Amino acid sequence: MKIKKIFLGIFLLACFLVAGVLVSNIQSISADQVLTASGLSSYSRNLKTNSKVEIRTLLKYLTKKYPNEKITLELNNKYDQDQVLIWSNYQNELLPVAKGRYFNPEEFEGVVSFGIVSPTSNIQLLNTQDNKYIVLNNRYISVVGTLKEVSDNIQTKYYLTTGINQANSKARLNNFDIIIDTPSNRVVQGVSKYLNGQVTFSELVSTHRRTHFIRATAFSILLGIIVLFAGLVAGACAIINHIHSQMDKIERPLKKYFIASKLGRFVFVNILMGLAAYFLLTWRLYFTSLSYLIILFVLMMTLNVVIYMLVVFFLNRKEKIG
């Protein structure tokens, strides 16, 4: 009987671990590598416009109209195919940097532009005293980072900050292919209307979103199965404890104390296995948000206890009737 309980405890721990692994896979950014190498996320959308509004005018509009929304703009120069201007109102890591760092929000607010280069950028660079500079139109732009090299992807682009106070923000929007990256549809619709533009998902992003949806759905179904299996383990624990009480011929006046004792022990083991799984998973796996994992484990523990109690109630009622 004890061996069966040990095996059930192991199965319960395995359920928590597998559920956590599935949550990690659902949240995983491994499928975003191609997008990330292009400085995109699954929220990225192309914005086509013929507006001759200056970049700084658009930035002022975004800053005033949507101060609390997370927004990133990528402006791909139509006449210098390798040049990309970046603006963002929050700290993000859309581009995978191998050496140095990504832009920080203060660098978009300042007067001076900063740069990030690709491993094989064609732009003229100057190395001096352990510092690297982009040489552009007789100006020297400090390089703060170098991108990671991605296999099968020729990287020649270089990225510059832009901002309301920076000289390159005087350029007009019709000279750029614009990508807007924000989870807010309200922002996208507002900017599109403001610039009289048209918004579309790029083929790369559309393909990613379809793939991500299929993977997330499959993992979610598996997650549901694991949660139900954990419930079955809880029910099996209740059955074993009931059989144990019958074998020991525990009299009815003492039986409620036996049931309460076994329930308390099950709740303790349930919490212990959940905590053990949580610390193992967070130690070894990637999670974008631990709150989802915590909520899942709390729900699993609650469901296990409820199923355990229902099985105990059913078996006791059956015994009384019998």
Side-chain angles (χ1 to χ4, degrees), residues 35-41 43-47 49 51 53-128 130-148 155-182 187 191 195:
L35 289 178
T36 309
S38 303
L40 303 174
S41 80
Y43 296 115
S44 299
R45 275 159 280 198
N46 295 332
L47 175 61
T49 179
S51 174
V53 167
E54 291 184 350
I55 294 171
R56 64 177 55 186
T57 304
L58 174 59
L59 300 185
K60 288 177 182 177
Y61 167 80
L62 291 173
T63 302
K64 183 179 180 180
K65 186 79 173 180
Y66 308 105
N68 299 317
E69 300 287 358
K70 293 182 177 180
I71 308 168
T72 298
L73 290 180
E74 280 194 26
L75 304 158
N76 294 270
N77 196 317
K78 293 179 180 179
Y79 304 102
D80 181 351
Q81 297 294 319
D82 290 332
Q83 185 188 90
V84 182
L85 302 184
I86 301 281
W87 176 83
S88 184
N89 64 353
Y90 71 103
Q91 182 67 54
N92 64 60
E93 299 289 341
L94 285 178
L95 292 165
V97 177
K99 184 178 180 182
R101 59 175 176 78
Y102 188 67
F103 303 127
N104 60 53
E106 290 75 22
E107 287 166 345
F108 300 112
E109 297 174 1
V111 177
V112 179
S113 293
F114 293 87
I116 291 176
V117 295
S118 301
T120 51
S121 290
N122 294 324
I123 191 67
Q124 183 182 351
L125 297 173
L126 174 66
N127 292 285
T128 176
D130 296 327
N131 293 317
K132 184 180 290 186
Y133 298 90
I134 295 171
V135 182
L136 184 66
N137 300 327
N138 296 320
R139 293 170 53 235
Y140 296 90
I141 301 171
S142 180
V143 174
V144 298
T146 302
L147 298 182
K148 290 181 181 178
Q155 299 163 282
T156 59
K157 292 184 179 296
Y158 64 97
Y159 300 81
L160 305 177
T161 61
T162 189
I164 294 172
N165 301 315
Q166 296 181 22
N168 55 20
S169 68
K170 292 181 180 180
R172 299 190 181 278
L173 291 173
N174 61 320
N175 294 320
F176 296 87
D177 292 321
I178 305 169
I179 295 174
I180 181 168
D181 193 323
T182 175
V187 173
V191 173
L195 296 176

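Note that the coordinates shown come from a computational prediction; the quantities given were computed from them, not determined experimentally.
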Checklist entry - Between atom CG of N76 and atom CD1 of I178, what is the distance when rounded to the nearest 0.5 Å? => result 10.0 Å
Next on the checklist: Distance check, rounded to the nearest 0.5 Å: S51 atom OG versus L173 atom CG?
Outcome noted: 5.5 Å
Item to check | L147 side chain near V117 side chain, heavy-atom distance below 4.5 Å | outcome: no
Checklist entry - Between I123 and L136, is a side chain to side chain contact (heavy atoms under 4.5 Å, CB included) present by the stated rule, with each step listed? => result CA-CA 8 Å; I123 191 67; L136 184 66; 4.1 Å; yes
Checklist entry - Tell me, do I116 and I86 make a side-chain contact under 4.5 Å, heavy atoms counted? => result no
Next on the checklist: If you define the side chain from C-beta out and look only at heavy atoms, does anything of L75 sit under 4.5 Å from V84?
Outcome noted: no
Next on the checklist: Once side-chain hydrogen bond (donor to acceptor under 3.5 Å, both in side chains) is applied, what residue pairs with a partner in residues 161-170 remain, sequence neighbours excluded?
Outcome noted: R56-S169, S113-Q166, S113-N168, T161-Q166, T162-N168
Checklist entry - With I71, which residues qualify under side-chain contact (heavy atoms from CB on, under 4.5 Å), at least two apart? => result L62, Y66, E69, W87, N89, I180, T182, V187
Item to check | Least distance between heavy atoms, D181 atom then S44 atom | outcome: OD2-OG, 2.8 Å
Checklist entry - CZ/F176 to CG/L47 distance, rounded to the nearest 0.5 angstrom? => result 13.5 Å
Checklist entry - Counting only N and O atoms by type, is there a donor-acceptor contact under 3.5 Å from the side chain of Q91 to the main-chain atoms of F103? => result yes
Checklist entry - Given the rule in the side chain to side chain contact (heavy atoms under 4.5 Å, CB included) test, do V191 and Y61 qualify, once you have shown the distances and angles that lead to the verdict? => result CA-CA 9 Å; V191 173; Y61 167 80; 4.2 Å; yes
Checklist entry - Passes side chain to side chain contact (heavy atoms under 4.5 Å, CB included), T72 versus I179? Steps please. => result CA-CA 8 Å; T72 298; I179 295 174; over 6 Å; no
Item to check | Distance (rounded to the nearest 0.5 Å) between Q124 CD and Y158 OH | outcome: 11.0 Å
Item to check | Exam field: side chain K78 to backbone N174, donor-acceptor pair closer than 3.5 Å | outcome: yes
Checklist entry - Any side-chain heavy-atom pair from Y133 and T128 closer than 4.5 angstrom? => result yes
Next on the checklist: Keeping T57 on the side-chain end and V53 on the backbone end, is there a donor-acceptor pair under 3.5 Å?
Outcome noted: no
Checklist entry - Quick check: does any side chain N or O of T49 sit under 3.5 Å from a backbone N or O of L195, one acting as donor and the other as acceptor? => result yes
Checklist entry - Backbone N or O of K157 within a donor-acceptor pair of the S121 side chain at under 3.5 Å? => result yes
Next on the checklist: Quick check for you: to the nearest 0.5 Å, what is the distance between D177 atom CG and N77 atom CG?
Outcome noted: 9.0 Å
Checklist entry - Any side-chain donor paired with an acceptor under 3.5 Å for D82 and Y159? => result no
Checklist outcome for this item: dist N68:CG -> Y90:OH (nearest 0.5 Å) comes out at 14.5 Å
Checklist entry - Crowded around N127 CG? As in, over 12 foreign heavy atoms under 6.0 Å? => result yes
Item to check | Pairs touching residues 105-114 that satisfy salt bridge (Lys or Arg N to Asp or Glu O under 4.0 Å), sequence neighbours left out | outcome: R101-E107
Next on the checklist: Would you say that Q83 contacts L85 through its side chain, given a criterion of any heavy-atom pair below 4.5 Å between the two side chains?
Outcome noted: yes
